[in-house]
Number of protein chains: 2
Amino acid sequence: MNIGDVSKRASLPPKTIRYYEDIGLVTPERATNGYRSFRKSDMHKLAFLGRSRALGFTIEDCRNLLALWVDQDRASADVRAIAKEHLAQIESKILDLQEIRDTLSHLVRECSGDERPDCPILKSLEKFPMK
Amino acid sequence: MNIGDVSKRASLPPKTIRYYEDIGLVTPERATNGYRSFRKSDMHKLAFLGRSRALGFTIEDCRNLLALWVDQDRASADVRAIAKEHLAQIESKILDLQEIRDTLSHLVRECSGDERPDCPILKSLEKFPMK
DNA sequence: CTTGACCTTCCAGTAACTGGAAGCCCTATG
DNA sequence: CATAGGGCTTCCAGTTACTGGAAGGTCAAG
């Protein structure tokens with residue numbers, strides 16, 4: 001399979017797939033004309049990567065997950081540890097964003113948003129205490 | 001004021017302040033010894049930037065907000081538009097993260113996390129449909 | 001006079017791609 | 001058979017918002 005086909009099937013841009021090869025996540029064969037030639041196993045790895053990335057795992061997490069995936073002797077605890085850590089980060093990020101959202105939506109509600117210069121948003125950015 | 005003092009007062013690392021000068025957000029004077037010499041107005045701008053960044057505004061947003069801040073003839077509508085747009089992005093990001101969190105926490109709960117290789121997390125990364 | 005804390009500039013690296021240029025390869029059509 | 005198109009290749013550069021580190025000048029204290 002050429003890169004274009006894999007791209008469609010794994011829903012990953014060709015550029016991304018080449019990048020994944022560069023950093024050693026997949027190692028497709030080469031046809032005699034120099035084109036990358038993807039095996040089924042490459043295709044599956046790329047799909048796996050696409051899904052892991054869609055869940056927000058970092059590339060390094062993905063590398064580790066992929067290694068565990070191909071290792072039939074893995075311990076599920078190792079996978080779970082990565083996922084749990086990632087989950088914790090996401091939860092903390094959500095909390096951060098919710099706080100920002102609350103502050104911001106309050107300010108937007110306060111601001112008249114007309115042609116006058118008086119603006120509570122700017123006023124708040126002046127005075128708002130830093131955490 | 002030297003960069004160290006400003007750094008403490010604005011709660012921004014010196015590196016960041018130098019960077020902000022590089023990209024034209026502040027333009028401190030220079031003492032004869034070559035040291036940056038920050039006026040009160042620079043200090044206020046930096047504090048403003050720190051707060052805007054803490055609310056997640058991009059540097060370009062900050063640049064625009066800063067310009068509006070110093071412009072006494074601004075329309076509050078312009079400020080509000082930036083904040084509203086940013087708020088919308090944050091809300092959508094929160095939704096994305098919540099969806100990821102739900103998926104992930106479900107998987108983590110499902111996974112026994114022991115020494116056995118059987119793992120619902122990996123299984124899901126194989127099969128989970130891409131959006 | 002030396003030590004240590006500041007300050008300076010400049011270069012490089014981070015994460016995960018993305019865009020673009022220059023150029024080869026393959027197929028189909030006039 | 002020439003050529004036009006689309007797909008493929010590599011390589012270089014840019015993105016965001018800094019951060020780390022090296023090499024070296026400045027200043028106050030002891």
Side-chain angles (χ1 to χ4, degrees), chain A residues 1-38 42-43 45-46 48-66 82 85-86 89-90 93 96-97 100 130, chain B residues 1-38 42-43 45-46 48-66 85-86 89-90 93 96-97 100:
Chain A
M1 247 193 307
N2 282 354
I3 202 167
D5 302 321
V6 183
S7 167
K8 270 164 219 144
R9 296 214 210 175
S11 313
L12 287 174
K15 282 263 179 186
T16 299
I17 297 174
R18 291 192 195 102
Y19 173 68
Y20 287 172
E21 182 185 5
D22 277 354
I23 62 174
L25 289 177
V26 281
T27 40
E29 296 181 313
R30 293 294 176 135
T32 47
N33 60 8
Y35 287 17
R36 286 169 185 80
S37 175
F38 294 84
D42 298 317
M43 171 68 211
K45 279 188 185 180
L46 287 168
F48 181 97
L49 288 168
R51 291 178 197 119
S52 312
R53 292 286 300 128
L55 287 179
F57 285 101
T58 64
I59 287 285
E60 282 321 297
D61 278 345
C62 290
R63 196 188 295 282
N64 294 326
L65 289 171
L66 202 51
I82 296 174
E85 169 64 24
H86 180 45
Q89 284 178 17
I90 284 172
K93 183 110 206 190
D96 289 351
L97 287 178
I100 290 175
M130 311 274 303
Chain B
M1 246 192 309
N2 281 353
I3 201 167
D5 303 321
V6 183
S7 166
K8 270 164 218 143
R9 297 215 209 173
S11 312
L12 287 173
K15 282 263 181 188
T16 300
I17 296 173
R18 290 193 196 101
Y19 172 68
Y20 287 172
E21 181 185 5
D22 276 355
I23 62 174
L25 289 177
V26 281
T27 41
E29 296 180 313
R30 293 295 176 133
T32 48
N33 60 7
Y35 287 17
R36 287 171 184 80
S37 174
F38 294 84
D42 297 318
M43 171 68 211
K45 277 188 188 182
L46 287 167
F48 181 97
L49 288 168
R51 292 178 196 120
S52 312
R53 292 286 302 128
L55 287 179
F57 285 101
T58 65
I59 288 284
E60 283 319 299
D61 278 345
C62 290
R63 195 190 295 281
N64 294 326
L65 289 172
L66 202 51
E85 170 64 24
H86 180 46
Q89 284 178 17
I90 285 172
K93 184 111 206 190
D96 289 352
L97 287 177
I100 290 174

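Letters A, B, ... mirror the listed sequences (proteins, then strands); counts begin at 1.
Evaluation of the ring-ring contact (aromatic ring centres under 6.0 Å, His included) rule for Tyr35(B) yields no partner, not counting sequence neighbours. Residues forming a salt bridge (Lys or Arg N to Asp or Glu O under 4.0 Å) with Asp42(B) (at least two apart in sequence, or on another chain): Arg39(B). Lys8(A) meets the side-chain contact (heavy atoms from CB on, under 4.5 Å) test with no other residue; sequence neighbours excluded. Applying the side chain to side chain donor-acceptor pair (under 3.5 Å) rule to Glu29(B) yields no partners; only residues at least two apart in sequence or on another chain are considered. Residues passing the side chain to side chain donor-acceptor pair (under 3.5 Å) test with Arg53(B), sequence neighbours excluded: none. Residues that satisfy the side chain to side chain donor-acceptor pair (under 3.5 Å) test with Asn64(A), not counting sequence neighbours, are absent from this structure. Taking the side-chain contact (heavy atoms from CB on, under 4.5 Å) definition, one finds that Thr58(A) meets it with Glu60(A), Asp61(A), sequence neighbours left out.
Taking 4.0 angstrom as the limit, Arg36(B) places a side-chain polar atom (N or O) nearer than this to OP1 or OP2 of dT8(C). When the side-chain nitrogen and oxygen atoms of Thr16(A) are compared with OP1 and OP2 of dT18(C), one or more of them lie within a distance under 4.0 Å. Contact annotation: Arg30(B) side-chain N/O to dT9(C) OP1/OP2 distance is under 4.0 Å.
When every heavy atom of Ile59(A) is checked against every heavy atom of Tyr20(A), the shortest pair comes out as CD1-CE2, 3.5 Å. Taking each heavy atom of Ala10(A) and Met43(A) in turn, the nearest pair found is N-CE, 3.7 Å. Nearest heavy atom pair, residue Leu97(B) against residue Leu97(A), reads CD1-CD1, 3.7 Å. Taking both residues in full, the closest heavy atoms of Leu12(A) and Ile17(A) are given as O-CD1, 3.8 Å, listed atom of the first, atom of the second, then distance. Shortest non-hydrogen contact noted between Pro14(A) and Ser7(A) is CD-OG, 3.4 Å. Here the shortest heavy-atom pairing between Arg63(A) and Ile23(A) reads NH1-O, 2.9 Å.
At whole-Å resolution of the value, CG in Leu12(A) and C1' in dC17(C) are 12 Å apart. Protein atom CZ of Phe57(A) is 20 Å distant from nucleotide atom C1' of dC17(C), rounded to whole Å. The CG atom of Leu49(A) sits 15 Å away from the C1' atom of dA15(C) (whole-angstrom rounding). Rounded to an integer number of Å, the gap from Ile59(A) CD1 to dT14(C) P is 14 Å.
The footprint of chain B on DNA chain D, defined by a heavy-atom cutoff below 4.0 Å, extends from dA17(D) to dC27(D).
In this structure, Gln89(B) and Glu85(B) have side chains that are in contact, with non-hydrogen atoms separated by less than 4.5 Å.
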Take Ile3(A) and Arg18(A) through the side chain to side chain contact (heavy atoms under 4.5 Å, CB included) test and state the conclusion after the steps. CA-CA 9 Å; Ile3(A) 202 167; Arg18(A) 291 192 195 102; 3.6 Å; yes
Side chain to side chain contact (heavy atoms under 4.5 Å, CB included) for His86(A) and Ile90(A)? Distances and angles first, verdict last. CA-CA 6 Å; His86(A) 180 45; Ile90(A) 284 172; 3.3 Å; yes
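Over its length, the helix from dC1(C)-dG30(D) to dG30(C)-dC1(D) turns its helix axis by 30°, as judged from the five terminal pairs at each end, rounded to 10°.
Looking at residues 18-29 of chain A, you'll see Tyr19(A), Tyr20(A) sit with a heavy atom under 4.0 Å from some atom of DNA chain C.
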Below 3.5 Å between N/O atoms, which protein atoms pair up with nucleotides 1-4 of chain C? Just atom names and distances, please.
none

Could you write out each protein N or O paired with an N or O of nucleotides 21-28 of chain C at a distance under 3.5 Å?
residue: dC26(C); atom: OP1; partner: Asn33(A); partner atom: ND2; Å: 3.4

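Contact annotation for Pro14(A): no contact, since no heavy-atom pair falls under 4.0 Å across all strands.
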